[in-house]
Amino acid sequence: MGDSGSERERLMHGYEFYVDPSRCIGCQSCLNACEECETHRGQSMINFDFIDRKGTTASAAFVCWHCDEPTCAMVCPADAIKKGDDGVVQSSLKPRCIGCSNCVLACPFGIPKIFPEREQMMKCDMCYDRTSIGKRPMCATVCPSQALAYVRPEQIAWRREKPSNVFYFGKQRITTKVHVMVPANTESISLDVLDHIWEETYAALPEA
Amino acid sequence: MAEPPASSKTLLDRFGPHPAFVPTGGWQNESEHPAHRLVKTHCCFCGQQCGIQLKVRENQVIGFEPWEEFPFNHGMLCPKGVKRYLQGGHPDRLLDPLLREPNGFRAAGWDETLDFTARRLQEIQQKYGKDSVAIYGGASLISEKSYLLGKFARVALGTRHIDYNGRLCMVSAGTAYKLAFGVDRSPLPWSDIPKAQVILVAGANVAECAPITTDYIWRCRDGGGKLMVVDPRMTPICRNADVYLPVRPGTDLALYLGLLHVVLRDGLEKREFIDQYTTGFSAVAESVRVWDPRTVAEKTGVPPESIERAAHLFAKAERAIALHARGVEHQSKGVENCLALINLCLATGHIGREGAGCAMITGQGNGQGGREHGQKCDQLPGQRSISDPEARAHTAKVWGIAPEEIPQAGYSAVEIMEAIHRGEIKALLSCCFNPLVSLPDANFTHEALKKLEFFGVIDFFLSETAHYADVVLAGSLQEEEEGIGCTVEGRVIHIRKAVDPPGNAKGDTWIYCELAKRLGKAKYFPYHTTREIYEELREASHGGHADYYGITYEKIDQNLGVFWPCPSLDHPGTPRLFEDGRSYHPDGKHHFVVTEWRESGDPVSADYPVYLTTGRVVSQYLSGTQTRRIGALLKQYPNPRVEIHPRLAQQYGIADGDWVTVSSRRSQITLQAMVVRTIRPDTVFIPYHWPGDRSANRLTHRTLDPRSKIPEFKVSACQLQKVAGPAEWAIREAKGNA
């Protein structure tokens, strides 16, 4: 069903996943669409947060970053978490997973979730069911601001923000399959309406 | 007729809104019973009208799949689009017509309810005259339905009073564009947005109300474009604005007059363009002379430097676009606000070229198409004026009646409710409109509804307004009848039928035709399919500005949409207007129009010192009749909250999460506070999608723009008071009987 076919399958090769929080508008379309995917319908694998809604409308939606050396797999006592040749880190293997939550605690990005009713860790597998038949991952297809994007590197190159896939967590250096978009020249960002307003009367008032 | 026939609790228990979280048959239903087919069609929510594929099994929509080939959204969807499929099998869906009884509603047959409706309408017209009956239409209806509803009012009922809920949405922009350009449509296709060097977003919460447009703006920025945003709130797109202009509610006009002032003061206007293509420049130039940046700053609260910078960026750009929406349009000077933006574009030569111009961001599902073919009180099909003798002659010929049989212009939406309140209009037939939630001054609407001698409703869910009905005719969802719509861009699109209406529900067009038959007008309503209605609409629009004659369902499918005007079958359509420099006025010129400053209809005072502005959230659509029934969308933003800046909150001792009573000169409601730095400290914001004692529209006022008749939803005066405990509605809801 849909637009699968050899042409489209071929086209999916060379596509990469990019996450750009500066584009995110907090609409949660990704979160809602993820739970519509046939293989895990009713369960969303998207991590979404308003970062500090009191101060800003900034929001961030994340998929799994698919680490080159996945911490979740390294700490798994049951050897239940596998990374495929395509670099995608899969949900735990159901027969092996003991639901111990080691991966949940260890992942520096906070991605894996235990689903108690299934006694299994499940996570974003970058829509293997879709990409394998030539469709883009569901979240990146629907995302209205393309904060989540599944495109070729040359298509991302003309964006204002630039891709990076190197993260530091203390001394742990992590490289990932998924890229985050970061400002080419980071400038300070003002977040209070007061900084843009003319009347001086408000500046003098105390705050709640 | 008087109060609803049962308590609010009884009606809500039976008819909802009940939030549906899980599709019919459960989450696993689809893997066990896969879809039979995918239907390429469009989302029913909002004017973007995104392409979407509905998964259909037997006679049920069971899910969706993105439609990546559709060029406007390339598969992108907001959460409303993702979850829209949950309406078809919803437990609240009306499956039978309903008749009012002493203690509630009973399911009834079609003959009984249609005979009753027609009889009551005739009795009231015989007793009080033709114009004692009014029709309300909806801008979410496909164009075949809205066309036919207009014809039904004028031909079957002979009343002059038909208007629609687009009166709460697009009319200020439409009126302004007709005055300036002679035509009511966004002059540019959205593909122009990424090509601009400067985008001015004026009173448009793009991220929440037109989410797909965000990607167009971000792509503009990727190419080095500058983004300027005018809004009293830092909406999500403001985070990336190069210039943010936090205007005080109701003072937008002063800002745009000030921008033009700076442009002219510094000699940045495009003289050649003005001389060759426009009229009326000198009067406008004279009128902005007093609006220097300092004066404008006093009025708007926007710093003079920001005004200077914005004016220079906009005027010096080779290609600049001004996008506007309800923020400027929902004001008692909504038309002036739009005209001032148009004047700015004309003076700087930004019109009729790729990547340059002004555009309204149409809000409702078929907000563009729904206003073009005759459900506006003053228009006939093709965007023709009902007072124009030639237009009347053309329409009368298509309809097979004499021109003098077509009534003259009637009241607009709010004026109809006021005429009901004063007893002039006695009966109302409403299709897809929930005025109790969406009209301003909800207590007034409540009083008016009680005075109706007959109230008939055509809808697919029982809205809060329909509680007052004598009869409810179970109608159709968007995907249950084939037809067309017109998007924010002016692109005419094909709405494919995915399923039949469930149970004993019927297509809206069948209902209009059956009523017409019972009113003795069967020969004017002979249609068996909506395609036959569309063929007549094509003829009726032919020669008008919104000319659809050259657009067929098949041509839309081949081209993935056709932009009107399209006067002949071999015409390719018109994605961008005015490319030859000519407007749609008889003189071919773009008209500068002088705009005069006026104060808001509900000014702040010592007693009501805080501005109240109302609007939307991304997970809800209009009065919430549909989206408050979709669990995931409700969960995302369950109840309205009042947004307050910490500096204002402190003055009232309000902390985040506290309960606050917001009072206006009309009424009061109690909501939880959301203390955020993203709103001006003299303003509070409340989203309006909820009914009853959570309804923001209990606070708003009925001041209308004198030309467009749009209410001033964006500016009211209010006072705040911290209260000890939760509101009554919250206590009721906690007990499970909201």
Side-chain angles (χ1 to χ4, degrees), chain A residues 1-3 8 20 22-36 38-44 52-59 135-136 138 140-147 149 158-161 189-199 201-208, chain B residues 22 27-28 30-31 34-35 38 63-66 68-69 75-79 81-83 207-208 211-212 214-215 218 221-223 234-240 244-246 297 301-304 306 618-619 632 636 645-647 649-651 654-656 674-682:
Chain A
M1 199 167 56
D3 305 296
R8 181 79 188 206
D20 185 351
S22 81
R23 278 170 122 91
C24 182
I25 53 174
C27 76
Q28 302 172 51
S29 198
C30 51
L31 200 140
N32 284 300
C34 183
E35 75 170 6
E36 295 294 334
E38 287 167 37
T39 51
H40 51 89
R41 210 162 178 218
Q43 284 156 343
S44 184
D52 168 25
R53 184 61 193 91
K54 289 180 185 176
T56 168
T57 53
S59 53
K135 294 178 183 173
R136 292 188 291 154
M138 185 60 112
T141 309
V142 299
C143 177
S145 65
Q146 286 297 289
W158 53 265
R159 277 202 186 175
R160 191 176 165 114
E161 283 70 34
I189 297 163
S190 175
L191 298 174
D192 195 323
V193 74
L194 286 177
D195 299 330
H196 301 266
I197 219 165
W198 191 54
E199 303 97 306
T201 45
Y202 300 114
L205 296 173
E207 254 182 35
Chain B
V22 179
W27 285 115
Q28 299 313 316
E30 194 191 332
S31 41
L38 282 175
F64 83 102
E65 175 64 30
E68 295 190 57
E69 291 71 32
M76 293 187 283
L77 292 167
C78 84
V82 166
K83 294 292 183 182
E208 299 205 72
I212 306 307
T214 313
D215 181 56
W218 286 175
R221 288 182 74 248
D222 283 334
M234 277 186 154
T235 62
I237 63 161
C238 289
R239 273 162 37 227
N240 292 335
Y244 170 48
L245 306 158
V302 175
S306 301
V618 67
S619 49
Q636 193 166 327
H645 193 280
R647 305 278 165 136
Q650 198 279 336
Q651 292 176 44
I654 296 166
D656 191 57
M674 182 172 161
V675 178
V676 288
R677 287 177 198 282
T678 49
I679 184 164
R680 285 182 56 95
D682 52 6

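Below, chain A is the first sequence line, B the second, and so on; all start at residue 1. As a basis for the values below, the full set of heavy atoms in this structure was taken, side chains included, without hydrogen atoms, waters or symmetry mates.
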- Please test B/Trp27 against A/Glu38 for side chain to side chain contact (heavy atoms under 4.5 Å, CB included), starting from the C-alpha separation and ending with a verdict. CA-CA 9 Å; B/Trp27 285 115; A/Glu38 287 167 37; over 6 Å; no
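Salt bridge absent: A/Arg41 and A/Glu35 never bring a charged side-chain N and a carboxylate O closer than 4.0 Å.
Between chain A and the options B/Ala632, B/Ala297, B/Gly63, B/Cys238, heavy-atom pairs under 4.5 Å are most frequent for B/Ala297. Across A/Ala147, A/Ala58, A/Ala140, A/Cys143, the residue that shares the most heavy-atom pairs under 4.5 angstrom with chain B is A/Ala58. Note on B/Leu77, B/Val22, B/Val82: by heavy-atom pairs under 4.5 Å with chain A, the leading option is B/Leu77. Contact tally against chain A (heavy-atom pairs below 4.5 Å) for B/Glu208, B/Lys83, B/Gln651: the top residue is B/Lys83.
When the ring-ring contact (aromatic ring centres under 6.0 Å, His included) test is applied to B/Phe64, no partner is found at least two apart in sequence or on another chain. Listed by chain and number, the residues in a side-chain hydrogen bond (donor to acceptor under 3.5 Å, both in side chains) with B/Asp656 amount to none (sequence neighbours excluded).
Between A/Arg23 and B/Thr214, the side chains place no donor N or O within less than 3.5 Å of an acceptor N or O (distance only, hydrogens not considered).
Of the two parts of B/Pro304, the backbone and the side chain both hold a non-hydrogen atom closer than 4.5 Å to a non-hydrogen atom of chain A. Contact of B/Val618 with chain A is made through the side chain alone, with heavy-atom distances under 4.5 Å. For chain A, no part of B/Leu245 is nearby; none of its heavy atoms comes within less than 4.5 Å.
Nearest approach of B/Arg680 to B/Pro246, heavy atoms of both residues: NH1-O, 2.7 Å.
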